[in-house]
*Asks:* 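This structure is in structure tokens; I'll ask about it shortly.
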Amino acid sequence: MTNPTGFDDPRAPFDTAPAPSAGGIAARAMAARRAPAYLDGLNPEQRLAVETTEGPVLVLAGAGTGKTRVLTTRIAHILASNLARPSEILAVTFTNKAAREMKERISRFIGGNVEGMAWLGTFHSICVKILRRHAELVGLKSSFTILDTDDQIRLLKQIIQAEGLDDKRWTAKAFAGMLDGWKNRALTPKDVPEGEARAFANGKGRKLYEEYQDRLSILNAADFGDLLLHVITLFKQNPDVLADYQRRFRYMLVDEYQDTNIAQYLWLRLLAQGNPNVCCVGDDDQSIYGWRGAEVDNILRFEHDFKGAAVIRLERNYRSTSHILATASHLIAHNQGRLGKTLFTDFHEPDHDLVQVASVWDSQEEARSIGDEIEALQTNGHKLNDIAILVRASFQMREFEDRFVTLGLNYRVIGGPRFYERMEIRDALAYFRCVVQPADDLAFERIVNTPKRGLGEATLKLVHGLARAERIPLMQAADQLCQTEDLKPKARNTLNQVLADFTRWRSQLAGVKHTELAEIILDESGYTEMWRKDRSAEAPGRLDNLKELIRSMEEFESMAGFLEHISLVMDRDTAEANDAVSIMTLHSAKGLEFDTVFLPGWEEGLFPHQRSLDESGRAGLEEERRLAYVGITRAKKRAKLYFASNRRIHGLWQSTVPSRFLDELPAEHVEIAEAASSYGGYGGGGYGASRFDRADPFERGSYSTPGWQRAQKAKAASSELFERYDTRSSRTRREGPRTIEGELVAKSVSETPSEFSIGERVFHIKFGYGAITAIEGNKLTIDFEKAGRKKVIDSFVERH
DNA sequence: AATCCGGCAAGCTGA
DNA sequence: TTGCCGGATT
């Protein structure tokens, strides 16, 4: 039997071998001793990316070019060449899923032992690890808790109210968004630019941020943004600590570099100062998280930031047909801010399908048509698991679900509310947190009166008051309060009982198996009982979820270990046993692949999404285009795009214009397909008013003269500048369409009052004749003779 | 404590 | 149009 790993002995203890100095002659000699088997089957670029271990390297890995393989092989190569021990490699991913995958693949290489890879994980989990060691240096205790979004919102709300602000005008959610933006940019309260700090709560933004951080440190807690931010602070203020990690990490790898934000970039740069062996892997064309703080600039500027960087492009695609690649490449070439790659493949067959574009009348026909196509594929022996529908916005999903239920077609929705976000899970976790961490005030608050036990607002207020006055945790305050006469006997007894319960459970931590203890807690607290008595439709499901929760605890050694994991891991385990079509958003499709991909909803306003254009102009448009690129490149064999002439948006039927992205596809790789079941008359067969059938869609006549472009550019720049300093009036000020260099980037909805009057008889292209019964602005309510009562926008009907 | 009503928003989501 | 939130109401 051949050795699949190419190692002399896959069980060799890498961890104990002395690591030769990086790039030393001995190391090179050892590496060169033979061409290891794990390098077989890599193409020259991949091999280069694996073997260029020294100095900064940027691997531009296009979709489907074997990125993960390169990353894992690179790590294996570093280990096999004895350049570093497993514990000396830092490998960062964005998601737990990616980290898990990488661990699995590496363990296959090195014979099942990745225990030594202590520093392979997400940015956040690695930061937690570092922080727990040096917590006191940033004002925390090593046992600090990690707040999730829900805790954070509740805390913010308290602070906003404490400041005497109207918490409706200044919502906790909005402020959480701002905080996120600041922390993504590694801004501490004092760093926040004056203008931004003043934009919230009548100029109190900075103060609220400061108070929030104070509260966190009193609670001995950190939010997700803090995990990174604290480590940056730690490194900056403690050069000796930083130097220690710089020495430790001989090799650093970052996956999905295009998704890093400024804080993550700074974090990496601090570590890289001591050691240039940084390898970042990413694809600027797949940067679709700008709205979450990701900076495409990080990847675009890599060569500038890391001097002497090698840039390696992986352009050989192993996933898709040449038509699909050509279509995606042609589309993405319309973006300006990109490093530029062109995917290619040797996979050419005359019978490969062209990329198809279909025009349908409305979203219902779209769902019907796609349903029919899927049934046809199924009849021809295709697996539903190999088929996906990728939508821009989650509201589009419902139409497909309705249709597939009718057809009896198996489907699964990826995304949606996560397991850990469910109320019952959060409640149960809060109980466990109170047992393990008696000082966890937020958890205590959550469950002190769940199930209802008559500990209402009045009691809580007293506890809160004492806790704040004495600066002690809520549970301790409650305990003290029970010794006094301040509480009514009934409340005192109940509270005493609750505290006694927690003390008892805590005493069982050491003796009882943690899964059993979890059951005991949920039973004795009356929590399971509460759901058993609940007769609502979702109660049984909730009980199932609780069982599932306890089952999932089994993998962990202790309750504390489980909680640590839970606070970082947000993946829901997905059962993929049965055959089903996947329905998901384009965002959640990144990294996946399917034989057949359906891409509905290619209409202006939906895709590209209007809001993206309004908020971010040209940059927003380019991000939308990257999203389109991600969508198309998910397909291995077949991609079919849809455009509906009518779509209901927020309850109103609107006529739509085909997405400009359709105009940007290469005609020679695309065919116009008739939708399976078109209505007669309108829209049948073609695009109607589309620009798609124009001889040259890029020809813009006199509008493309340099002078005109300059004028538009100047106009756009000045209006953008202006808008940045005035958030309130941008909506009303924007008048006509906003155009940048000949591209329509934003169009405003007409706000002029309707010219119609009640009782008037009108004609609508979809619903036929009817009479107006009500008018609100430009929205008309019309009783149609055939279609019944509908609300429509006035510009879609004609007087008759 | 449970339910009802009105108002508001409505894009993507990770740790 | 739906769905969620919060306040008011029973």
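As the structure is a prediction and not an experimental result, all values here were calculated from the model. In the text below, chain A, chain B and the rest are named by the order of the sequence lines, each starting its count at 1.
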*Asks:* According to the 5.5 Å centroid and 30° plane-angle thresholds, does A/Trp291 stack upon the nucleobase of B/dC12?
*Replies:*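 Check passed, A/Trp291 stacks on base of B/dC12.
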*Asks:* Rounding to the closest angstrom, what is the interatomic distance between B/dT13 and C/dT2 at atom P?
*Replies:*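 These two P atoms come out 23 Å apart once rounded.
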*Asks:* How far does SG of A/Cys280 sit from CG of A/Leu268, to the nearest 0.5 angstrom?
*Replies:*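 The CG atom of A/Leu268 is 5.5 Å from SG of A/Cys280, to the nearest 0.5 Å.
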*Asks:* So is A/Arg292 actually on top of A/Tyr289's ring, under 6.0 Å and inside 45° of the axis?
*Replies:*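 Output yes; distance and angle both within limits.
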*Asks:* NA contact type, A/Gln152, heavy-atom cut-off 4.0 Å: base, sugar-phosphate, or nothing?
*Replies:*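 No contact.
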*Asks:* OP1 or OP2 of B/dC12 versus the side-chain N and O atoms of A/Ser588: is any pair under 4.0 Å?
*Replies:*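 No.
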*Asks:* Determine, for A/Arg185 against A/Glu295, whether the closest basic-nitrogen to carboxylate-oxygen distance falls under 4.0 angstrom.
*Replies:*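 Salt bridge between A/Arg185 and A/Glu295, a charged N being under 4.0 Å from a carboxylate O: no.
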*Asks:* Does a distance-only test, which skips hydrogens and angles, find a donor-acceptor pair under 3.5 Å between the side chain of A/Ser612 and the base of B/dG11?
*Replies:*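 Donor-acceptor pair under 3.5 Å: yes.
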*Asks:* Classify A/Arg648 by what it touches in the nucleic acid, base, sugar-phosphate, or nothing, heavy-atom distance under 4.0 Å.
*Replies:*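 If one applies the 4.0 Å heavy-atom cut-off, A/Arg648 turns out to touch nothing in the nucleic acid.
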*Asks:* 5'-most contact on DNA chain B: A/Asn449 or A/Asn184, nearest heavy atom basis?
*Replies:*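 The residue closer to the strand's 5' end, by nearest nucleotide, is A/Asn449.
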*Asks:* When you compare the ring of A/His124 with the six-membered ring of B/dG14's base, are the centres less than 5.5 Å apart and the planes under 30° from each other?
*Replies:*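 No; centroid distance or tilt outside limits.
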*Asks:* Is the backbone of A/His609 close enough, under 3.5 Å, to the side chain of A/Glu624 for a donor and an acceptor to pair up by distance?
*Replies:*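 Side chain of A/Glu624 to backbone of A/His609: a pair is present.
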